[in-house]
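Worksheet: one structure, shown below.
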Amino acid sequence: FRALKDYQDSAARAEAVQQKIYARDYAAADQAEQNGDYAAAYAGFLALGAYQDSAQRAAAVQEKGDYAKGMELARAGKFEAAYQIFTLLGDYADSREKAYALGVTQFSDVTDLKEGTAAFAFHELWGVINAEENVVSTPYWEAIESFNSFGLARVTKDGLYGYINRRGETVIPCQWARVSGFDAQGLCTVAQKSEDGKQYTFGLMDATGRQITPAQWRTLGKSGNSEWNSRRNRCNISAPAFSDGKIRVQSTEGCYGFLDMEGSLVGEVRWQEIGDFSEGLAWVTESGGKKGYVDAQGQTVIQPQYDDALPFSQGLAAVRTGDKWKYINPQNAMAVPA
């Protein structure tokens with residue numbers, strides 16, 4: 001139609017088609033913006049020139065693109081580059097707040113803790129900056145580790161351990177001699193020293209800071225004391241290891257029992273030795289050295305009578321009397337002769 005110039009209504013038809021092209025390209029740029037492809041959206045609106053509000057949309061989407069780039073840099077741990085972008089963005093969205101939070105990078109060393117969160121040192125103490133939420137915490141801790149999948153980082157203060165969240169808020173206070181990592185259910189083991197400093201006792205906390213069981217157990221799961229020297233023991237601490245929703249504990253008097261995941265006792269703490277639960281049963285040893293089995297409620301279902309016993313597997317357990325082994329079922333009936 002443009003090539004036809006003045007022939008019939010060619011000029012008007014050319015203009016009408018041109019408007020349709022503008023509308024198509026405008027819609028494409030708008031869709032690119034909605035999809036988060038700000039580079040394509042900016043190029044599209046810029047090419048449209050004075051069509052409708054294309055110039056204003058180009059400027060706005062450029063700010064969106066820069067903002068997105070700044071967040072991408074912050075999440076990748078490139079905090080100084082992110083700071084420069086948010087500073088240039090001025091009043092766009094919360095750019096000034098982000099620039100303020102990230103301004104700490106201009107005078108302090110920063111350690112990336114992933115996902116837009118970092119630790120920074122000031123006068124030999126560490127604080128947290130969170131580029132997502134525009135938070136800068138006061139430098140307070142002696143050390144900050146990386147954040148875990150529950151959004152918590154282990155911290156140290158005055159030689160004691162605890163956990164903080166990504167805003168630098170205390171979740172588990174620094175009052176523990178040791179704290180473990182978290183298990184898949186969001187539980188960790190905490191340890192405190194005895195008054196004489198020679199022993200540790202253990203308890204459980206969850207990822208909200210709720211105490212599941214006080215630090216009163218000599219052993220808890222795989223956590224316990226081991227001899228180091230004549231004056232004190234070494235604290236062996238690990239994340240809780242539950243089996244069938246139960247975990248082994250040992251009292252300070254030396255007796256064993258089980259806790260459930262809410263920290264409630266399962267049966268009594270009275271056994272000389274216990275094994276993990278398997279298929280709803282766990283072997284136990286009474287004071288006389290004989291072994292039997294308890295169920296998930298801690299009730300004795302096979303009285304202690306064997307010299308040795310192994311966990312149940314595929315409905316059977318191996319037990320020994322004297323030097324002879326046999327297999328029994330959960331009802332204590334012989335399945336494979338000795």
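Please read these numbers as outputs of a predicted model, since none were measured by experiment.
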Tyr51 with Phe45, same ILVMFWY side-chain cluster at under 4.5 Å
yes
Val336: which residues meet the side-chain contact (heavy atoms from CB on, under 4.5 Å) condition with it, sequence neighbours left out?
Tyr327
Tell me every residue that passes side-chain contact (heavy atoms from CB on, under 4.5 Å) with Val269, counting only those two or more places apart in sequence or in another chain.
Trp217, Ser251, Cys255, Leu265
Once rounded to the nearest 0.5 Å, what's the spacing between atom NE2 of His123 and atom OG of Ser108?
10.0 Å
Might you work through the side-chain contact (heavy atoms from CB on, under 4.5 Å) test for Ser278 and Trp283, ending with a clear yes or no?
CA-CA 9 Å; Ser278 176; Trp283 62 261; over 6 Å; no
Looking only at atom types and distance, does a side-chain atom of Arg210 sit under 3.5 Å from a main-chain N or O of Met205, one as donor and one as acceptor?
no
How many angstroms lie between atom CG of Leu102 and atom OG of Ser95, to the nearest 0.5 angstrom?
10.5 Å
Take Gln192 and Trp176 through the test side-chain contact (heavy atoms from CB on, under 4.5 Å) and record every step on the way to the result.
CA-CA 5 Å; Gln192 66 182 14; Trp176 303 104; 3.9 Å; yes
Which pair of heavy atoms, one from Ser137 and one from Phe120, lies closest together, and at what distance?
O-CZ, 3.5 Å
Using modelled atom types only, decide if a donor and an acceptor are shared between the side chain of Lys246 and the backbone of Asp244 within a distance under 3.5 Å.
yes
Find out whether Pro337 and Lys326 are in side-chain contact, i.e. whether some heavy atom of one side chain is under 4.5 Å from a heavy atom of the other.
no
Among pairs that include at least one residue of residues 137-158, which meet ring pair (Phe, Tyr, Trp, His ring centres under 6.0 Å), considering only residues two or more places apart or in two chains?
Phe150-Phe182
Please check this pair: side chain of Thr189 against backbone of Leu204, looking for a donor-acceptor N/O pair closer than 3.5 Å.
no
When you look at NZ of Lys157, are more than 12 heavy atoms from neighbouring residues, nucleotides or ligands closer to it than 6.0 Å?
yes
Which atom pairs, one a donor and one an acceptor, fall under 3.5 Å between side chains of residues 294-305 and the rest of the protein, sequence neighbours left out?
unit_1	atom_1	unit_2	atom_2	d
Asp295	OD1	Gln297	N	3.0
Asp295	OD1	Gly298	N	3.2
Asp295	OD1	Gln299	N	2.9
Gln305	NE2	Gln303	O	2.9

Could you check whether any side-chain heavy atom of Ile85 comes within less than 4.5 Å of a side-chain heavy atom of Leu73, counting everything from C-beta outward?
yes
Under a side-chain separation threshold of 4.5 Å, the hydrophobic residues clustered together with Leu160 are none
ring-ring contact (aromatic ring centres under 6.0 Å, His included) between Phe312 and Tyr293, worked out
CA-CA 10 Å; Phe312 272 86; Tyr293 290 87; 5.0 Å; yes
Is any side-chain heavy atom of Thr117 less than 4.5 Å from a side-chain heavy atom of Val128?
yes
Minimum side-chain heavy-atom gap Trp126-Glu142 below 4.5 Å
no
How close do Gly181 and Cys188 get, heavy atom to heavy atom, and via which atoms?
O-CB, 3.4 Å
Which hydrophobic side chains are connected to Leu310, either touching it within the sub-4.5 Å cutoff or through other members that do?
Trp325
Quick one: do Ile164 and Leu113 end up in the same hydrophobic cluster if we chain Ile, Leu, Val, Met, Phe, Trp and Tyr together by side-chain heavy atoms under 4.5 Å apart?
yes
Provide the closest heavy-atom pair for Phe242 versus Pro240 in the form atom of the first, atom of the second, distance.
CE1-CB, 3.6 Å
First locate atom CD of Gln250, then atom CG of Asn225, and finally report the distance between them rounded to the nearest 0.5 Å.
9.5 Å
What pairs meet the salt bridge (Lys or Arg N to Asp or Glu O under 4.0 Å) rule with one or both residues in residues 265-281, with sequence neighbours excluded?
Arg248-Asp276, Glu268-Arg270
Minimum-distance pair of heavy atoms, taken over all atoms of Gly70 and Ala82:
O-CB, 3.4 Å
Taking the side chain as every heavy atom from C-beta outward, state whether Val155 and Tyr161 have any atom pair closer than 4.5 Å.
no
Taking only residues at least two apart or on different chains, which pairs with a member in residues 52-84 satisfy ring pair (Phe, Tyr, Trp, His ring centres under 6.0 Å)?
Tyr67-Phe86, Tyr67-Tyr92
Just wondering, do Arg178 and Val190 contact through their side chains at under 4.5 Å, heavy atoms?
no
Sequence neighbours left out, what pairs pass salt bridge (Lys or Arg N to Asp or Glu O under 4.0 Å) with at least one residue falling in residues 115-139?
Arg75-Glu132, Glu115-Arg166, Glu133-Arg167
Could you tell me whether a side-chain N or O of Thr285 sits under 3.5 Å from a main-chain N or O of Lys290, the two making a donor and an acceptor?
no
Atom OG1 in Thr111, atom CD1 in Ile129: separation rounded to 0.5 Å?
10.0 Å
Does Asp260 use its side chain to pair, donor to acceptor, with the backbone of Glu262 at less than 3.5 Å?
yes
NZ of Lys98 to CG of Leu89, rounded to nearest 0.5 Å, is 11.0 Å
Is there a continuous path of hydrophobic side-chain contacts, each under 4.5 Å between heavy atoms, that joins Leu259 to Ile274?
no
Residue pairs passing the side chain to side chain donor-acceptor pair (under 3.5 Å) test where at least one lies in residues 23-46, sequence neighbours excluded:
Tyr26-Asp53, Tyr26-Arg57, Asp30-Gln34, Asp30-Arg57, Gln31-Asn35, Glu33-Arg57, Glu33-Lys64
Taking Ala118's backbone N and O only, do any of them form a donor-acceptor pair with Asp112's side chain (distance below 3.5 Å, no angle check)?
no
side-chain contact (heavy atoms from CB on, under 4.5 Å) assessment of Leu48 paired with Tyr22:
CA-CA 7 Å; Leu48 284 165; Tyr22 285 152; 3.7 Å; yes
Step by step, work out the side-chain contact (heavy atoms from CB on, under 4.5 Å) result for Val284 and Tyr256.
CA-CA 9 Å; Val284 293; Tyr256 286 88; over 6 Å; no
In Å, rounded to the nearest 0.5 Å, how long is the span from CD of Gln175 to CG of Asp158?
12.5 Å
Taking the six-membered ring for Trp and the full ring for Phe, Tyr or His, determine whether the centres of Phe1 and Tyr7 are under 6.0 Å apart.
no
Indicate the atoms forming the closest heavy-atom contact of Leu4 with Ser10, along with that distance.
CB-OG, 3.3 Å
With a 4.5 Å limit on heavy-atom distance, are the side chains of Asp66 and Leu88 in contact?
no
Side chain to side chain donor-acceptor pair (under 3.5 Å) pairs touching residues 11-20, sequence neighbours excluded, are Glu15-Gln19
What closest approach, in Å, do Asp206 and Thr208 show between heavy atoms, and which atom pair accounts for it?
OD1-OG1, 2.7 Å
For residues 77-89, which residue pairs pass the salt bridge (Lys or Arg N to Asp or Glu O under 4.0 Å) check, not counting sequence neighbours?
none
Quiz question: by atom type and distance under 3.5 Å, do the side chains of Asn236 and Ser226 form a donor-acceptor pair?
yes
Is the shortest heavy-atom distance from the side chain of Asp308 to the side chain of Lys291 under 4.5 Å?
yes
In terms of side-chain heavy atoms, does Asn134 have a donor or acceptor partner in Asp94 at a distance below 3.5 Å?
yes
Check whether Asp183 reaches the backbone of Leu187 with its side chain - one donor and one acceptor, N or O, closer than 3.5 Å.
yes
So with a 6.0 Å cut-off around CZ of Phe107, is the heavy-atom count from everything else above 12?
yes
